[in-house]
Amino acid sequence: MAQQQGSISIHAQNIMPIIKRWLYSDKDIFIREMVSNGCDAITKRRMIAPAETDDYRVTVTLDAQKGELTFSDNGIGMTADEVERYINQVAFSGAEEFLKNYEGEDKGGIIGHFGLGFYSAFMVADRVTIETLSGSQGATPVRWVSEDGMAFTMEDGSRTQRGTDIILHISPEEKDFLEEYRVREVLRRYCGFMSTPVYFDVVKPQPEQKPEGEDKPQQPQGPERINATPALWLKAPKDCTEDEYKQFYREVFHTFEDPLFYVHLNVDYPFNLKGILYFPKITNDFGTREGEIKLFSGQVFVADNIKEVIPEFLMLLKGVIDCPDLPLNVSRSFLQNDGYVKKLSAYITRKVADRLTSLFHDERDAYQRYWDDIHPFVKYGCMRDAKFFDQVKDTLLFKTTKGEYMTLQEYLAKNEGALGKKVVYTNDPTRQAASVGLYDAENIDVAVMDTLIDLNFMSFMEYSAGVEGLTFLRVDAQTDSFTREANDDEKKQYEENEKALKELFAAATGQDDLSVKVAALKDSTLPAVLTQDEQGRRFGEMSRIYGQDFHMPQAHTLVLNADNAVVQSLLKLEPGHKRDLVAAQLYDLARMSTRPLEKEEVTAFLSRSQELLGMLFENP
Ligand code: ADP
Ligand code: MG
């Protein structure tokens, strides 16, 4: 063939600069495009020559000295005609449309940058050479060279084996792509699960002269396999072993930990969706930890954490999702409104919910063991997705301070006699141990609600659980559950005492708005309890979390035990320093069982305690 020159498609001049600029943020993808073209060429060859047993592979060779990155395959190859047709003529038809549709859109919003294919090479190369030999009878090798993706030359090539080399001479501004670690990292990310073997080879620089006395030849390293781990998600779930799932998890997410459990997604109809989602051990509070869900399209990596496809709350999981039919050549806002994608996303959610409910029903023990790790995720999912909540609501557990796990129905059934439709909880079992103990004495279960999400979750449940009158109350919200019923005479007496005690405590503690109540607490050794209105407290906590500290006046009530000897004596004491001391001490003791004292409060408490001790031994 005589050397031939030409210019690629009429619009090339306009488009090439745009491609270069547009994809500035994500140049890595040219590697994916070159390698997947090689894989495609091999797939085609396999199809037309199924009996052949070639060692099919794509090899990426880095020669930093020459400034070249070469993508070689032993696939179908191209004739001169085919180069003309596939490279010179229609190459831009896809890209053109792509750019037309999304001109002006945020470039980060385009998901896969698919469709730019071969020409993405010009983002990083100042010269691209194709050396190709078709497998068809009588084909001759072809060489195609272009420096800018606009003008090219075509002539007879030198390739002797069927297949194609795409040689990129990397431009000086992009010499990052001549760094071994960089190329390897991108290859692993995008090509780690491709269907054809992919190898990476690095040409080590030849020393000009062998140093004196060193005649050992340099150890040739040989090509390294990039996609050694098979794509487990493609295997039928019934053929996968527990060990395979775990090993796959460790390899893909570079961890030594085991996942708690997993969901294998495998459907062909009504859409093609394969994948494995793992429930990781979430040790710290959710929200501080991002999951990692890798999206693939036909074993080619597209991107991490595409929230348009995977429901946001599932992002706490780790895993791989492969959707070959997903329209990736589109912007994210398009995906968000696409019916097909919505169905996919709903299906994924349903499968996760199914897995949870089947664990609950079939392996309750295991499910309970996982609960501590998965509950923030499950609760978050319930609040984010009504359908998910609907599916899992009867499998939600409440862990008690005794380490038991109960569903809401189980809790209510067991405690309904004492509590009605109330759930008593603690958000800090250690600090609130004294208050928890009061319920323990009554055999009432106390739920532990100590993660950040619980505050929202309880309000959500009160509203959505479908249980009329359901209320969550912190252990210090009321004293009814451990109060003895008083007779009418006693009640009258209590009312009188309340007035006197309110003044007494206001004077002793300086808290004018403190409300005081007298009641007969069953534990007569307990002088006083400080309660706090549940709704007001929750509101205060909520606004603190959202960074608006309203300094809500907290509705505290000091409940004094009418059956306690100290309280009874206090009422008889003459006004004066001693009475103030005892009152202030009682108040502090009650406070301390709900929260630790602050700095100045501690100082006051300590010196008061010392003074009270001293009083024990004066004036015997
Ligand atoms: P796509 O892969 O989506 O078709 P590309 O721009 O990546 O688009 O490639 C354009 C065409 O060039 C391919 O369809 C194929 O016909 C041809 N081609 C590219 N690379 C190779 C290769 N390594 N071997 C054979 N043909 C190739
Ligand atoms: Mg391609």
Side-chain angles (χ1 to χ4, degrees), residues 8-9 11-12 15-16 19-20 22-23 27-49 54 56-61 69-99 110-125 128-136 139-146 149-150 152 154 157 159 161-168 190-191 194-199 296-302 324-330:
I8 301 150
S9 121
H11 302 300
I15 288 169
M16 214 54 225
I19 291 184
K20 286 192 186 179
W22 190 327
L23 296 178
K27 289 187 173 161
D28 298 2
I29 59 128
F30 85 91
I31 291 184
R32 174 188 73 190
E33 294 301 322
M34 296 303 116
V35 177
S36 50
N37 280 349
C39 290
D40 291 349
I42 287 170
T43 306
K44 287 176 194 159
R45 178 68 197 174
R46 275 188 164 138
M47 256 151 36
I48 58 170
D54 285 27
Y56 287 117
R57 58 168 72 193
V58 174
T59 304
V60 181
T61 308
L69 203 52
T70 299
F71 300 81
S72 313
D73 67 73
N74 48 3
I76 194 168
M78 284 181 276
T79 63
D81 251 18
E82 285 163 340
V83 173
E84 181 60 29
R85 233 178 317 144
Y86 300 136
I87 302 289
N88 294 347
Q89 284 175 15
V90 297
F92 279 120
S93 61
E96 197 182 346
E97 199 162 325
F98 175 80
L99 292 169
I110 307 298
I111 284 206
H113 300 297
F114 274 86
L116 292 162
F118 171 72
Y119 278 89
S120 62
F122 290 98
M123 293 192 295
V124 298
V128 177
T129 307
I130 304 178
E131 291 276 3
T132 183
L133 174 60
S134 165
S136 57
T140 52
V142 180
R143 175 181 303 125
W144 178 99
V145 184
S146 174
M150 294 183 265
F152 67 86
M154 241 170 102
R159 203 178 156 100
Q161 306 272 310
R162 189 199 65 245
T164 305
D165 282 347
I166 313 274
I167 304 144
L168 273 55
Y190 283 102
C191 311
M194 284 183 177
S195 54
T196 302
V198 177
Y199 286 86
F296 290 81
S297 176
Q299 295 173 251
V300 181
F301 175 75
V302 178
D325 305 327
L326 204 62
L328 292 168
N329 188 5
V330 297

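Values reported hereafter were calculated over all heavy atoms of this structure, with side chains retained and with hydrogens, waters and symmetry mates removed. Numbering of ligands and ligand atoms starts at 1, following listing order.
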| Counting only heavy atoms, which portion of Glu33 has something under 4.0 Å from ligand 1: side chain, backbone, both, or neither? | neither
| query | Can you tell if the side chain of Tyr190 reaches within under 4.5 Å of the side chain of Val35, non-hydrogen atoms only? | reply | no
| query | When rounded to the nearest 0.5 angstrom, what distance separates CD in Glu131 from CZ in Arg159? | reply | 8.5 Å
| task | Just jot down the ligand 1 atoms closer than 4.0 angstrom to any heavy atom of Gly117, in number order. | result | 5 (P), 6 (O), 7 (O)
| remark: When rounded to the nearest 0.5 Å, the distance separating CD of Glu33 from CG of Asp40 is 9.5 Å
| query | Relative to ligand 1, is Thr132 under 4.0 angstrom through side chain, backbone, both or neither, heavy atoms considered? | reply | neither
| request: Apply side-chain hydrogen bond (donor to acceptor under 3.5 Å, both in side chains) to Thr59 and list each qualifying residue two or more places apart in sequence or on a separate chain. | output: none
| task | Could you list the atoms of ligand 1 found under 4.0 angstrom from a heavy atom of Ile87? | result | 12 (O)
| message | For a 4.5 angstrom cut-off between non-hydrogen side-chain atoms, does Phe30 reach Leu69? | response | yes
| query | Going by the atom numbers of ligand 1, which of them fall below 4.0 Å from some non-hydrogen atom of Phe118? | reply | 5 (P), 6 (O), 7 (O)
| task | Not counting sequence neighbours, which residues clear side-chain hydrogen bond (donor to acceptor under 3.5 Å, both in side chains) with Asn37? List them please. | result | none
| message | Regarding atom 15 (C) of ligand 1: of the candidates Arg85, Lys44, Glu82, which has the closest heavy atom? | response | Lys44
| Tyr119 N/O to ligand 1 N/O under 3.5 Å | no
| query | Taking C-beta and beyond as the side chain, do Met194 and Val58 meet within less than 4.5 Å on heavy atoms? | reply | no
| message | Listing by chain and number, which protein N, O or S atoms are under 2.8 Å from the Mg ion (ligand 2)? | response | Asn37 OD1
| field | Partner set under side-chain hydrogen bond (donor to acceptor under 3.5 Å, both in side chains) for Asn74, not counting sequence neighbours | value | none
| query | Under 6.0 Å between the ring centres of Trp144 and Tyr86? | reply | no
